[in-house]
Amino acid sequence: MSQQHPAAPAPHSAAAVADRRDWWRDAVIYQVYPRSFADSNGDGMGDLAGIRARLPYLRDLGVDAVWLSPFYASPQADAGYDVADYRAVDPMFGNLLDADALIRDAHELGLRIIVDLVPNHSSDQHEWFKRALAEGPGSPLRDRYHFRPGKGENGELPPNDWESIFGGPAWTRVTEPDGSAGREWYLHLFAPEQPDFNWEHPAVGDEFRSILRFWLDMGVDGFRIDVAHGLVKADGLPDLGSHDQLKLLGNDVMPFFDQDGVHAIYRQWRRILDEYSGERIFVAEAWTPTVERTANYVRPDELHQAFNFQYLSTAWDAAELREVIDRTLEAMRPVGAPATWVLSNHDVTRHATRFANPPGLGTQIRTAGDRELGLRRARAATLLMLALPGSAYVYQGEELGLPDVVDLPDEVRQDPAYFRGAGQDGFRDGCRVPIPWTRKGSSYGFGSGGSWLPQPESWAELSVEAQTGVPGSTLELYRAALSVRRTHPDLGAGDAVEWLGAPEGVLVLRRGEFVCVANTTGEPVTTPAYGRVLLASGEVAEAAGETKVPADTTVWFTTA
């Protein structure tokens with residue numbers, strides 16, 4: 001099952017796309033959460049065949065690549081981020097033939113496919129881990145994970161004080177094959193069903209290099225690396241000496257995150273990737289204290305891109321946005337990597353809801369806020385993001401202006417963090433509700449048999465059907481913006497912007513003959529007319545060489 005390309009390269013054919021050099025430097029990449037995108041068989045769960053059927057929609061939207069969240073064989077303790085078999089598709093999503101067909105169809109449509117890779121941890125149902133438990137103390141397979149003797153007289157205390165990202169201790173005590181409480185514990189930075197690999201063991205590296213080749217041979221165009229900052233742990237697994245450790249994440253280098261040893265792994269991986277044609281790429285999910293440390297992951301011989309979580313976490317405020325934009329571009333310039341920009345994903349509250357609430361509430365919010373305000377700001381933030389140099393990520397449904405579903409009943413929630421104390425808030429289900437395609441149907445076109453999380457009735461009018469062809473709709477705004485971004489010579493790749501003078505609360509940036517004005521204030525402002533209006537997130541008025549930009553609105557101009 002290998003990648004195939006059509007023989008004749010039409011302008012947007014697979015061959016033409018494959019021939020485009022450095023495509024990843026300005027790519028718009030669309031994240032598909034397979035559970036929630038499209039259901040082909042009516043079981044209420046999205047699947048690969050459903051995604052395949054909707055690929056023309058993504059081509060018409062104007063994106064360059066599709067990133068698929070995990071679809072591997074998994075017990076689904078953490079929605080597929082607990083992988084039991086990295087070379088198999090979970091039956092709920094289909095099979096390897098479905099994956100192969102999806103990749104082939106995407107290439108025929110001029111789309112690239114990026115798949116998730118989860119190298120920090122496996123499922124506790126992975127064959128290695130099951131055998132490590134079954135074989136008991138002394139099993140060589142335990143060396144492929146972090147098994148350690150417990151503290152205390154009978155090993156009844158965890159080996160160190162690390163806390164799970166999902167809450168509680170990051171260690172679980174082993175129950176031995178005879179049913180007794182073991183003296184050993186195993187490390188899991190996330191759920192107990194997700195034991196961390198020991199990357200000091202050579203078999204782990206060998207296995208993942210083989211996994212990379214398996215999917216590259218099938219034709220995928222790249223990998224998004226989950227918890228890319230977490231593979232290597234500090235020598236000796238030292239105590240952190242602090243409780244409430246989650247508050248330190250993103251502010252300090254932790255003994256289990258962002259250790260310098262991860263970079264040797266990625267240099268090995270890069271050599272494998274460079275053996276393949278078609279400019280395959282790596283994208284790092286790397287939560288680091290600073291954008292400067294993020295830049296370490298995208299040095300020329302390592303990964304290609306890294307998510308810009310500092311930007312995602314920034315409030316809708318002109319001064320704060322300008323600071324993070326400047327710092328990002330400055331950090332990426334020395335390593336020659338493109339900046340990336342992202343506003344939403346499967347782990348955070350959708351930005352249409354974040355921006356509907358007061359700033360400072362974090363990236364998981366439980367209140368709906370001012371829906372109209374949130375949508376207006378979200379649309380404006382999108383045009384600002386797409387105006388910036390580098391690559392941009394779009395999370396499924398944001399092009400419809402979907403808000404988070406903040407009022408899901410407790411009994412339907414499935415986020416594992418929700419069921420564990422003192423961890424993440426556990427409300428990620430709100431951004432994972434299946435997206436609406438039609439005005440009617442048991443799941444608004446998601447599938448014929450309902451959806452695994454309930455959808456609000458209000459989503460009928462946010463559906464693809466309801467917004468298609470409607471001037472001013474959020475969907476048509478995205479389509480127009482992506483079209484302009486693809487065709488305007490000064491948009492896309494680059495490493496700098498020119499800031500022009502602007503009133504307080506307003507950003508004005510120039511890139512050649514393109515000018516972007518973003519009004520982050522709650523009041524209309526008057527700016528010079530920088531040229532012909534290409535696109536605006538709201539209604540603007542022009543007169544006598546000036547432009548009146550409404551509150552929370554972004555406008556694109558061309559001076560050509």
Side-chain angles (χ1 to χ4, degrees), residues 28 30 57-63 316 343-344 350-356 368-388 392 394-404 435-440 444-445 455-488 491 506-508 514-527 529-543 546-558:
V28 176
Y30 186 99
Y57 165 79
L58 298 178
R59 175 202 57 196
D60 295 344
L61 183 63
V63 301
W316 180 239
L343 293 167
S344 287
R350 290 182 177 276
H351 60 282
T353 296
R354 294 204 316 275
F355 292 150
D370 184 333
R371 164 68 179 146
E372 183 180 341
L373 174 66
L375 179 59
R376 188 166 67 245
R377 288 177 170 176
R379 289 162 56 96
T382 294
L383 288 196
L384 174 61
M385 175 183 78
L386 293 175
L388 297 173
V394 173
Y395 177 51
Q396 65 177 43
E398 73 172 72
E399 77 277 15
L400 305 177
L402 296 185
D404 241 57
I435 66 173
W437 294 92
T438 60
R439 285 190 171 96
K440 296 180 180 179
Y444 304 110
Q455 301 155 300
E457 292 182 5
S458 60
W459 281 21
E461 293 308 312
L462 296 177
S463 65
V464 173
E465 178 187 20
Q467 297 196 46
T468 296
V470 177
S473 72
T474 302
L475 176 57
E476 294 301 340
L477 177 68
Y478 270 73
R479 286 173 170 162
L482 293 175
S483 176
V484 172
R485 192 180 192 276
R486 184 186 291 270
T487 57
H488 197 289
L491 286 176
V506 179
L507 294 174
V508 181
F514 172 87
V515 176
C516 174
V517 175
N519 177 12
T520 71
T521 75
E523 302 293 334
V525 297
T526 300
T527 70
Y530 290 98
R532 176 171 57 88
V533 173
L534 290 170
L535 195 60
S537 64
E539 295 292 333
V540 299
E542 299 177 273
E546 293 183 329
T547 303
K548 187 174 184 180
V549 181
D552 300 306
T553 298
T554 297
V555 186
W556 286 0
F557 298 90
T558 182

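Every residue two or more places apart in sequence or in another chain was checked for a side chain to side chain donor-acceptor pair (under 3.5 Å) with R354, and none qualifies. E372 meets the side-chain contact (heavy atoms from CB on, under 4.5 Å) test with D370, R376; sequence neighbours excluded. In this structure T520 satisfies the side chain to side chain donor-acceptor pair (under 3.5 Å) test with no other residue, sequence neighbours excluded. Partners of S463 according to the side chain to side chain donor-acceptor pair (under 3.5 Å) rule, which considers only residues two or more places apart in sequence or in another chain, do not exist here.
The heavy-atom pair separating A387 from F514 by the smallest distance is CB-CE2, 3.7 Å. Smallest separation of non-hydrogen atoms from I435 and Q455: O-NE2, 3.8 Å. The minimum heavy-atom distance linking S344 with Y395 is given by the pair O-CB, 3.5 Å. E546 and T526 get closest at one heavy-atom pair: OE1-CG2, 3.5 Å. The shortest heavy-atom contact between F557 and A529 is CE2-CA, 4.4 Å. The heavy-atom pair separating A352 from G401 by the smallest distance is CB-O, 4.3 Å.
Side chains of L383 and L535 form a contact here, defined as non-hydrogen atoms less than 4.5 Å apart. Under the 4.5 Å side-chain criterion, counting only non-hydrogen atoms from C-beta, V533 is not in contact with W556. A heavy-atom distance below 4.5 Å is found between the side chains of L402 and L462. Two residues are said to be in side-chain contact when any heavy atoms from C-beta on lie closer than 4.5 Å; S473 and T468 fail this criterion. For the pair V515 and V508, the minimum side-chain heavy-atom distance is below 4.5 Å. Proximity of L400 to Y478: side-chain heavy atoms (C-beta onward) are nowhere separated by under 4.5 Å. For the pair R350 and P403, the minimum side-chain heavy-atom distance is 4.5 Å or more. Contact of the L507 side chain with the V517 side chain is not registered, since no non-hydrogen atoms from C-beta on lie closer than 4.5 Å.
Within the structure, salt bridge (Lys or Arg N to Asp or Glu O under 4.0 Å) contacts touching residues 467-484 (residues at least two apart or in different chains) are E476-R479. Sorted by first then second residue, the salt bridge (Lys or Arg N to Asp or Glu O under 4.0 Å) pairs that include residues 461-470, not counting sequence neighbours, are R439-E461.
One finds the CG atom of L61 at 6.5 Å from the OH atom of Y30 (value rounded to the nearest 0.5 Å). Note: D552 CG to L375 CG = 11.0 Å, rounded to the nearest 0.5 Å. The line from CG of L384 to CZ of R377 is 14.0 Å long, rounded to the nearest 0.5 Å. Between T474 atom OG1 and E398 atom CD the span is 10.5 Å, to the nearest 0.5 Å. With values rounded to the nearest 0.5 angstrom, E542 atom CD is found 9.0 Å from T527 atom OG1. With rounding to the nearest 0.5 angstrom, the CZ atom of R486 is 12.5 Å from the CG atom of L491.
Between the T353 side chain and the D404 main chain, a donor and an acceptor come within less than 3.5 Å of each other. Judged by distance alone, the side chain of T521 and the main-chain N or O of E523 form a donor-acceptor pair under 3.5 Å. Distance alone, capped at 3.5 Å, is enough to place a donor-acceptor pair between the N519 side chain and the P550 backbone. Here the side chain of T554 pairs no donor or acceptor atom with the backbone of A518 at under 3.5 angstrom.
Looking at V28, L58, T382 one by one, the single match for side chain to side chain contact (heavy atoms under 4.5 Å, CB included) with V394 turns out to be V28.
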For this session: Mind running side chain to side chain contact (heavy atoms under 4.5 Å, CB included) on V540 and K548 for me, showing each step along the way?
Result: CA-CA 6 Å; V540 299; K548 187 174 184 180; over 6 Å; no
Problem set entry | Test side chain to side chain contact (heavy atoms under 4.5 Å, CB included) applied to V464 and T438, step by step | CA-CA 6 Å; V464 173; T438 60; over 6 Å; no
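A centroid separation of 6.0 Å or more is found between the aromatic rings of Y444 and W437.
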